[in-house]
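Worksheet: the structure to be examined is printed underneath.
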Amino acid sequence: MTETSETNDTRPAVTMIGLGEMGTALATAFLDGGHPTTVWNRTPGKADALVSKGAHLAETVRDAVAASPLLVVNLKGNTAAREVLASAGDALAGKAVVNLTDGTSAEVTAVAEWTAGQGAHYLHGQIMTIAPGIGHPDAVVFYGGDKTVYDRFQSTLQLLSGRASLIADDPRAPVLYGMAVHGTMWGTLNGFLHAAALLRNEGIEVSRFLEDATPSVSALLSFLPSIADTVDRGDHAVEYGALKHHLPSIEDLFHESQARGVDAELPAYTLALVARAIDQGHANDNYSRLIDHYTNP
Ligand SMILES: NC(=O)c1ccc[n+]([C@@H]2O[C@H](COP(=O)([O-])OP(=O)(O)OC[C@H]3O[C@@H](n4cnc5c(N)ncnc54)[C@H](OP(=O)(O)O)[C@@H]3O)[C@@H](O)[C@H]2O)c1
């Protein structure tokens, strides 16, 4: 199969490898954006709807890779991504590979180095939305890796998310960004759900609480830039709101949880971290001082 050209207009041909829930959404965005789109999936039947919209279904990975200068990969796991790409053989040389498969930074390094070893250009992307969010102007995808790939295909990648950005030339950076967002999300959600259990124990509706407490809760996000700044500078001195002032409130939360039979593990954990930092002489420091614990547990 010959490579579809980039000639008839400015929209390059795209090959989408992987048609799960997310891959189907990505392929749809390329088709809707007017790109000649070739697709491949281990289970070819999943391509039926895309083919009826104008996609070309490649029979082999090699054919799929040969069809376009831009290969977008979205599979379950980077081991699968590497194995599937490997089945294209030497057809990979010279191609731009944008891998949108989630994984750890070590997995990304392995697939990025292997891909570069095949003579292809590698860009990794971390998708920060669910499948229905693909194509939304506020959807975020973080990219890292080969800048020439990002620059050449920027307008194509923009079809997937209005907020696409190249954050580094290191392909591991996007996955760390993704984990940092998710880690912040889970920490916040765990704290909120613990609080919700406490409120429900008293018969208070959680949504009613949120209506009344939204100014306090939403102010939390505005703390993050100053926490980030002190962590970056390594200077945790603070005039107000030092750890010694957090301690009594955390003790109250812990004892209240225990007394009501609400799981006290989360406040106990927070209490242990703050008490230890104070014992180590950091009573007058910003909460950001706990970065020491996370860095050297
Ligand atoms: N779904 C979301 O909303 C979402 C959001 C953000 C990120 N992501 C990420 O996007 C990636 C795909 O997720 P998904 O939700 O689309 O998963 P999915 O619906 O389970 O689809 C998985 C895809 O991987 C293929 N696959 C799995 N193992 C394979 C193997 N050994 N060889 C060849 N193909 C294989 C499947 O092929 P078959 O069809 O043949 O099984 C299918 O195309 C993941 O990294 C996920 O974390 C997804």
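Because the structure is a prediction, the values reported are computed rather than measured. Ligands are counted one by one from 1 in listed order, and the atoms in each one are counted from 1 as well.
- Ion pairing of Lys76 with Asp102 is absent here, as no side-chain N (NZ or NE/NH1/NH2) approaches a carboxylate O to less than 4.0 Å.
- Residues satisfying the side chain to side chain contact (heavy atoms under 4.5 Å, CB included) criterion with Asp146, sequence neighbours excluded, are His121, Thr148, Val149.
- Residue Leu189 is found in a hydrophobic cluster whose other members, listed by chain and number, are Met185, Trp186; membership requires side-chain heavy atoms under 4.5 Å apart, directly or through intermediates.
- Residues meeting the side chain to side chain contact (heavy atoms under 4.5 Å, CB included) test with Leu166, sequence neighbours left out: Leu123, Tyr143, Lys147, Tyr150.
- A salt bridge links Arg260 with Glu202: the distance from a Lys NZ or Arg NE/NH1/NH2 to an Asp or Glu carboxylate oxygen falls below 4.0 Å.
- A side chain to side chain contact (heavy atoms under 4.5 Å, CB included) with Leu100 holds for exactly one of Leu157, Ile127, Leu75; it is Ile127.
- Within 4.0 Å of ligand 1, the residues that place a heavy atom are Gly18, Leu19, Gly20, Glu21, Met22, Asn41, Arg42, Thr43, Lys46, Asn74, Leu75, Lys76, Ala80, Val84, Thr101, Asp102, Thr129, Ile130, Ala131, listed by chain and number.
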